[in-house]
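Have a look at the structure below, then the notes.
First the proteins, then the strands, lettered A, B, ... as listed; each starts at 1.
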Amino acid sequence: MSDYFFSHGPYWMCFLVLTLGLYAMLLKRNLLRKVIGLTIFQAAIILFFIIAAYKVGAGVPVLDKVAGAEDAEQYINPLPHTLMLTAIVVGVATVGVALALLIQIHRNYGTLDEDELRERMKS
Amino acid sequence: MSEHLPILVLLAFFGGALLMPLAGLVHHRGPWLTAALSSALAFAFALFALVDVAVHGEVRYEVGSWAPPMGIELLVDPLSAFMLVVLAGIALVTLVHSREAVAREVAASPVLYYASALIMLGGFAGIVSTADLFNLYVFLEIAALASYAILGANGPRSAVAAFRYLILGTIGASFYLIGVGFIFISTGSLNIADVSAIIVEIGAPVPVIVGATLMVVGMLVKFALVPLHQWLPDVYTEAPSSSSALVAPLGTKVAAYVLIRLMLDVFPGDGIEDALYLREGLAVLGAVAILWGSVMAIPQRNLKRMLAYSSVAQVGYISLGLGLGTFYGFVGAILHILNHACMKNCLFLVSSNLETRGKGVLIENFNASLRKCMPASSAAFAVAAISMIGLPPTAGFFSKWYLLLGSYQGGHWYFIVIILISSLLNAVYFFRILERMYLGEADAQLPSERASGSALLVYPVVVMAVLLVVLGLGSSFIVSEFIAPILSVF
């Protein structure tokens with residue numbers, strides 16, 4: 001059991017960060033903290049793909065003339081990394097849109113706290 | 001030309017979005033015209049695709065000439081072509097109608113509004129035409145980000161609603177992405193056909209099951225199936241009326257498309273669906289959604305909010321149809337995607353007219369003066385309402401009929417009862433409005449909808465209302481020619 005736990009250490013770490021981000025997104029009362037939770041959540045997903053792509057003893061996927069191309073074990077699969085470059089761009093855009101909406105909310109209601117916001121939206 | 005079909009609809013939308021700043025410089029109505037023209041072009045391409053696919057079969061397109069499974073592939077098959085026609089058609093009608101509503105309600109420049117709207121539509125078109133799981137995520141986020149922008153453009157209240165949608169929508173899309181990660185780890189591929197073939201070979205190990213679960217749950221958030229529907233009523237109520245008319249018919253339907261694609265193409269056989277209890281879950285949650293959405297729609301005082309809750313219920317019909325797992329269940333669900341898109345679009349366009357020319361969208365203010373001064377909009381509302389209730393010969397009757405057949409085919413009599421009860425509930429909340437429109441006393445005169453410049457407000461609504469009857473009368477043709485080929489697995 002402990003063997004299983006330690007051999008998957010990075011995944012547990014990733015899962016922890018993921019939960020942390022999800023917690024902040026759903027349960028924090030301040031809207032800005034929700035956005036911070038969102039970035040943590042997305043960072044955890046990026047970590048997940050990168051951890052999954054890691055191979056012990058493998059190097060960068062540039063053709064090594066000595067090693068040749070026969071042994072795929074010598075190279076890391078670069079696809080997850082490129083996918084995550086796209087995911088990072090998507091994440092930045094999401095945070096941008098979220099902050100733009102928050103600026104508009106703060107200009108009109110003067111608060112980003114969810115309870116106060118609900119009060120002020122009633123009046 | 002037909003070998004380039006899959007990318008043409010995308011190019012029409014994204015090209016229009018790119019031309020938008022230029023159009024804004026040329027004339028103050030340039031952005032509206034560009035949006036309408038590029039969606040007309042997209043609609044023409046989509047119709048061409050529908051016919052071409054029906055005659056010659058599916059079209060595959062290797063983006064950048066990189067052969068799949070390494071490269072990204074676009075695929076237009078009967079299901080994609082069907083969805084492309086639905087979304088380009090709704091886009092065309094709504095964007096033509098939107099000129100006055102956008103000028104009145106959106107504070108930002110129309111260049112930004114229409115560019116975002118076209119990017120969202122391009123994202124939707126990308127979702128339905130891609131054959132790559134990760135590419136689907138990217139298009140999902142493109143469409144979602146643009147939709148937050150156009151949904152939050154109606155002042156601070158809509159910004160709050162759009163922000164809540166952003167948080168939940170991002171969680172949904174991210175769950176989908178994690179699911180794609182699990183599938184990729186297990187199969188080493190992202191191409192839908194390739195993934196499906198590899199899963200047949202390796203069986204369904206635990207990571208594939210986990211990945212499938214996460215993808216489905218993520219899509220259910222976008223699909224707004226009870227209990228993940230909380231974001232929907234606020235967003236549709238507060239958004240600018242033209243954004244509601246654009247997003248309400250299409251946003252949840254695209255998520256429905258992804259679910260259908262996952263069930264029919266990505267997960268081979270029944271193994272994964274059985275492991276997830278996917279069909280049972282969709283059917284039961286769909287039934288709950290039908291009842292809950294209909295009951296919640298009855299006491300609403302705001303027409304747009306009532307329509308939003310009715311959307312929650314209608315999503316339930318689609319989910320129920322998918323969950324039945326029978327041929328007629330799928331036919332009903334796919335036909336209901338088309339029919340509900342047209343009905344909801346018609347109803348939201350009328351509510352937009354009420355905001356622009358009538359007395360707003362509070363139901364207590366409706367009375368017979370609406371019928372006198374806005375006869376075309378009122379009549380269109382009546383037709384769409386009758387279709388929502390499901391009376392023949394309107395379109396809504398036929399999708400419910402196929403759902404009933406599907407329930408009967410699967411031997412689930414209790415779903416038949418639920419569909420009939422929900423029709424009665426629909427009748428309750430729509431007749432409440434029709435009564436005010438057609439039986440009440442008229443009071444003060446409203447400006448007539450025949451006033452100058454109103455043609456753009458009236459014709460799209462009338463076209464949608466006529467289309468509801470035409471779709472109803474032609475539903476057996478649609479089912480046999482366009483929906484049956486989608487379901488060749490049965």
Side-chain angles (χ1 to χ4, degrees), chain A residues 11 14-15 18 21-22 24-26 28 31-35 37-39 41-53 72 77 79-80 82-84 86-87 89-112 114 117-118 120-122, chain B residues 69-70 72 107-108 112 116 119 132-135 137-142 144-171 173-186 188-190 207 211 214 218 230 234 238:
Chain A
Y11 287 100
C14 173
F15 181 70
L18 197 79
L22 202 58
M25 282 171 95
L26 292 176
K28 283 288 171 197
L31 299 186
L32 195 58
R33 285 176 195 228
K34 282 179 189 271
V35 177
L38 189 148
T39 55
F41 187 58
Q42 285 179 327
I45 297 173
I46 292 165
L47 273 180
F48 170 66
F49 273 78
I50 301 301
I51 294 167
N77 182 356
L79 190 59
T82 42
L83 296 183
M84 284 309 105
T86 316
V89 175
V90 170
V92 170
T94 312
V95 173
V97 175
L99 291 179
L101 289 171
L102 285 190
I103 288 171
Q104 211 196 348
I105 293 169
H106 193 269
R107 271 193 196 142
N108 281 280
Y109 296 111
T111 180
L112 289 176
E114 197 144 15
L117 196 62
R118 202 165 289 142
R120 291 181 200 192
M121 279 172 78
K122 269 183 204 155
Chain B
M70 299 305 151
I72 292 170
L112 295 176
S116 307
I119 291 173
D132 184 282
L133 291 174
F134 185 79
N135 199 228
Y137 163 76
V138 175
F139 278 123
L140 200 69
E141 283 289 38
I142 289 174
L145 288 173
S147 75
Y148 307 142
I150 64 167
L151 289 169
N154 189 19
R157 292 181 73 88
S158 71
V160 175
F163 182 80
R164 291 195 181 127
Y165 178 29
L166 184 145
I167 293 292
L168 284 175
T170 305
I171 292 176
S174 301
F175 268 45
Y176 175 84
L177 179 59
I178 305 172
V180 171
F182 275 102
I183 300 271
F184 178 70
I185 291 169
S186 319
S189 180
L190 291 168
L214 287 165
Q230 268 95 356
D234 280 341
E238 305 296 345

Anything under 3.5 Å between a donor and an acceptor, one on a side chain of residues 154-164 of chain B, the other on a protein residue two or more places apart or in another chain? List them.
unit_1, atom_1, unit_2, atom_2, d
Asn154(B), ND2, Glu238(B), O, 3.1
Arg157(B), NH1, Met121(A), O, 2.9
Ser158(B), OG, Gly152(B), O, 3.3
Ser158(B), OG, Asn154(B), N, 3.0
Ser158(B), OG, Asn154(B), O, 3.3
Ser158(B), OG, Gly155(B), O, 2.8
Arg164(B), NE, Glu114(A), OE2, 3.4

Exercise. So which part of Ile185(B) gets closer than 4.5 Å to some heavy atom of chain A, the side chain, the backbone, both or neither?
Worked result: side chain
For this session: Search all heavy atoms of Thr94(A) against all heavy atoms of Leu145(B) and return the closest pair with its distance.
Result: CA-CD2, 3.5 Å
Problem set entry | Region of Arg118(A) that comes under 4.5 Å of a non-hydrogen atom in chain B | side chain
Exercise. Side chains of Ile167(B) and Phe41(A): does their closest heavy-atom pair fall under 4.5 Å?
Worked result: no
Seminar exercise, completed: So, the part of Ile142(B) with a heavy atom under 4.5 Å from chain A: the answer is neither
For this session: Kindly compute the distance separating CG (Leu18(A)) from CZ (Phe175(B)), expressed to the nearest 0.5 Å.
Result: 7.0 Å
For this session: For each of Phe184(B), Phe134(B), Tyr148(B), tally heavy-atom pairs with chain A at distances under 4.5 Å, and name the one with the top tally.
Result: Phe134(B)
Exercise. Is it the case that more than 12 heavy atoms not belonging to Tyr11(A) sit under 6.0 Å from its OH atom?
Worked result: yes
Exercise. So which of Ala98(A), Ala52(A), Gly96(A) has the largest heavy-atom pair count under 4.5 angstrom toward chain B?
Worked result: Ala98(A)
For this session: Kindly write out the residues that satisfy side chain to side chain donor-acceptor pair (under 3.5 Å) with Arg33(A), not counting sequence neighbours, or none if the list is empty.
Result: none
Problem set entry | Top contributor to chain B interface from Leu38(A), Asn77(A), Val89(A), Leu117(A) [non-hydrogen pairs under 4.5 Å] | Leu38(A)
Exercise. Checking side-chain contact (heavy atoms from CB on, under 4.5 Å) for the pair Phe49(A)/Leu177(B): CA distance, chi angles, key distance, verdict?
Worked result: CA-CA 10 Å; Phe49(A) 273 78; Leu177(B) 179 59; 4.0 Å; yes
For this session: Nearest 0.5 Å please: distance from the CZ atom of Phe48(A) over to the CZ atom of Phe182(B).
Result: 4.0 Å
Seminar exercise, completed: Cut-off 4.5 Å, heavy atoms of chain B, and the answer for Leu26(A) is side chain
Exercise. Given the rule in the side-chain contact (heavy atoms from CB on, under 4.5 Å) test, do Leu83(A) and Tyr137(B) qualify, once you have shown the distances and angles that lead to the verdict?
Worked result: CA-CA 11 Å; Leu83(A) 296 183; Tyr137(B) 163 76; over 6 Å; no
Exercise. In Å and rounded to the nearest 0.5 Å, what is the CG to CG distance from Leu79(A) to Leu190(B)?
Worked result: 6.0 Å
